[in-house]
**Student:** 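Would you mind keeping the following structure in view while I ask a few things?
Nothing fancy with the numbering, it's 1 onward along the sequence.
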Amino acid sequence: MTKETGIPKTLNAFGKEWCLQGEFTDLKEMETNRANWIRIGHKAMIKNKNRLYVTRFRQ
């Protein structure tokens, strides 16, 4: 968790380790990044409407 924001950099959910890729203000940019991560074999999830997390390892 970062001290200045309180946002966790990693999560353990659904039996996988998830890493924070960023907090986005532009939702179109976030969707593009999400699609790119999925295209190369990772899983992606969005938390709190603007935080993109991807799996640490390819699935």
**Student:** Quick check for you: to the nearest 0.5 Å, what is the distance between Tyr53 atom OH and Asn48 atom CG?
**Tutor:**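 Here the rounded value is 7.5 Å.
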**Student:** CZ of Arg58 to CH2 of Trp37: how many Å apart, nearest 0.5 Å?
**Tutor:**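 Interatomic distance, Arg58 CZ to Trp37 CH2, rounded to 0.5 Å: 9.0 Å.
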**Student:** Should Met45 and Ile40 be regarded as members of a common hydrophobic cluster, given that ILVMFWY residues are connected when their side-chain heavy atoms come within less than 4.5 Å of each other, either directly or indirectly?
**Tutor:**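 No, Met45 does not connect to Ile40 through the hydrophobic network.
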**Student:** Evaluate the criterion side-chain contact (heavy atoms from CB on, under 4.5 Å) for residue pair Ile38 and Arg34; output intermediate values, then yes/no.
**Tutor:** CA-CA 6 Å; Ile38 291 171; Arg34 179 179 174 272; 3.9 Å; yes
**Student:** Check this for me, if you would: do Lys28 and Glu31 make a salt bridge, where the nitrogen-to-carboxylate-oxygen distance has to be below 4.0 angstrom?
**Tutor:**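 No, this pair does not count.
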**Student:** Is it the case that over 12 heavy atoms from other parts of the model lie below 6.0 angstrom from the NZ atom of Lys47?
**Tutor:**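 At most 12 heavy atoms, drawn from other residues, nucleotides or ligands, come within 6.0 Å of this atom.
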**Student:** In the single-linkage hydrophobic clustering (I, L, V, M, F, W, Y; side-chain heavy atoms under 4.5 Å), do Leu20 and Leu11 co-cluster?
**Tutor:**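 The answer is yes; both residues are in one hydrophobic cluster.
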**Student:** Is the backbone N or O of Ala13 less than 3.5 Å from a side-chain atom of Trp18, with the two atoms forming a donor-acceptor pair by type?
**Tutor:**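 Yes, the answer is positive, given that a donor and an acceptor are paired below the 3.5 Å cut-off.
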**Student:** Go through Lys43 and Phe14 one step at a time and tell me if the side-chain contact (heavy atoms from CB on, under 4.5 Å) criterion holds.
**Tutor:** CA-CA 11 Å; Lys43 302 272 185 196; Phe14 310 113; over 6 Å; no
**Student:** So, taking the atom named CG in Asn33 and the one named CG in Asp26, what distance separates them when rounded to the nearest 0.5 Å?
**Tutor:**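 Spacing of CG (Asn33) from CG (Asp26) equals 9.5 Å.
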**Student:** What distance do Arg56 atom CZ and Asn12 atom CG have between them, rounded to the nearest 0.5 Å?
**Tutor:**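 Answer for the CZ-CG pair, Arg56 versus Asn12, is 10.0 Å.
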**Student:** Between CZ of Phe24 and CG of Asn50, what distance do you get to the nearest 0.5 Å?
**Tutor:**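 One gets 9.5 Å once the value is rounded to the nearest 0.5 Å.
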**Student:** Is there a side-chain contact between Arg51 and Ile7 (heavy atoms, below 4.5 Å)?
**Tutor:**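 Counting from C-beta outward, Arg51 and Ile7 do come under 4.5 Å.
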**Student:** Taking C-beta and beyond as the side chain, do Glu17 and Thr55 meet within less than 4.5 Å on heavy atoms?
**Tutor:**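 Contact flag for Glu17/Thr55 side chains = no.
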**Student:** Considering non-hydrogen atoms only, spot the tightest contact between Met30 and Lys49 and give its length.
**Tutor:**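 Where Met30 meets Lys49 most closely, the heavy atoms are CE-O, 3.7 Å.
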